[in-house]
Amino acid sequence: MPKLPREFYQQEDVVSVAKQLLGKMLFTNIEGVLTGGIITETEAYDGVVDKACHAYGGRNTNRTVTMFLAGGVTYVYLCYGIHHLLNVVSGKEGNPQAVLIRAIEPTLGIETMLLRRKMEKLAPRITAGPGALSQALGIGKQLNAKSLSADEIWIEEFTNYQETEIVATTRIGVAYAEEHALWPFRFYVKGNKFVSKPNS
DNA sequence: TTCCCGATTTACT
DNA sequence: GTAAATCGGGAAA
């Protein structure tokens, strides 16, 4: 399937991008080893007006500068000193919006993922959760600010879900963002097992 | 330079 | 259900 075009990432509405990313295929090519799967869970971070966003209020630093790039690149950073989290930067240059990829359903390179996760057999938790996902795909800071049009990490067309198949709810781990923590910016595929929190 | 804390996961009670 | 692990970024001084 073809890679998503640059225009896809540069849509103005990050919430729309987050929803459309569900059902797309995410791949990484780490030193020639391919792994990938179907995106099942995302979260939107809406730039300067979103207290949960690292670039809230226009904060532009060595880390967050990546989010100000034009849509279509990765934003990877370390959280809790342990976990790498993968985001897709969206919107126009200067507008620091991003979509956190929280979970995928593995389809390619499952053996490699099992090795990286030190697991013996396939279970949803292998890629359910942003830290786990990054580990399974071999994502680290070396993949920060990479173009999604190149051949190290990219996203391909696959499926489009209807609104009725998508669940919108509150984001996770952002209680510090006060009232913005209540924004329904987390999206996942209804009924899918590869989601970072118990399904309903 | 110092101090505080986080877009989490995992192990253990 | 609860807690520990662990380190870089951001803000203050």
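In the text below, chain A, chain B and the rest are named by the order of the sequence lines, each starting its count at 1.
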Peer 1: State whether a side-chain donor-acceptor pair under 3.5 Å links T35(A) with T112(A).
Peer 2: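 There is no such pair (donor and acceptor under 3.5 Å, judged by atom type) between the side chains of T35(A) and T112(A).
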
Peer 1: Tabulated below should be each protein N or O lying under 3.5 Å from an N or O of nucleotides 1-4 of chain B; please produce it.
Peer 2:
none

Peer 1: Taking only residues at least two apart or on different chains, which pairs with a member in residues 149-161 of chain A satisfy salt bridge (Lys or Arg N to Asp or Glu O under 4.0 Å)?
Peer 2: K146(A)-E152(A)

Peer 1: Does a donor on one side chain and an acceptor on the other come within less than 3.5 Å for N160(A) and Q20(A)?
Peer 2: no

Peer 1: dA7(B), dT9(B), dT10(B): which one has an atom nearest the side-chain heavy atoms of H83(A)?
Peer 2: dT9(B)

Peer 1: Does either side chain, that of Q135(A) or that of R117(A), offer a donor lying less than 3.5 Å from an acceptor on the other one?
Peer 2: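 There is such a pair (donor and acceptor under 3.5 Å, judged by atom type) between the side chains of Q135(A) and R117(A).
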
Peer 1: Got a minute to check which stems DNA chain C is part of, using Watson-Crick or G-U wobble pairs under 3.5 Å, three or more consecutive?
Peer 2: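 Stem list for DNA chain C: B:1-6 with C:7-12, B:8-12 with C:1-5.
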
Peer 1: Walk along nucleotides 6-13 of chain C from 5' to 3' and tag each nucleotide B, S or - by protein heavy-atom contact under 4.0 Å, base first, then sugar-phosphate.
Peer 2: BBSSSS--

Peer 1: Give one of base, sugar-phosphate or nothing for R186(A), where a contact means two heavy atoms less than 4.0 Å apart.
Peer 2: nothing

Peer 1: Do any of residues 85-112 of chain A sit with a heavy atom less than 4.0 Å from DNA chain C, and if so which?
Peer 2: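 Close to the strand, none.
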
Peer 1: Would you indicate what A177(A) reaches in the nucleic acid, counting non-hydrogen atoms under 4.0 angstrom: base, sugar-phosphate, or nothing?
Peer 2: nothing

Peer 1: Name every residue in residues 39-49 of chain A that has at least one heavy atom under 4.0 Å from any atom of DNA chain B, in order of residue number, or write none if there are no such residues.
Peer 2: Y45(A)

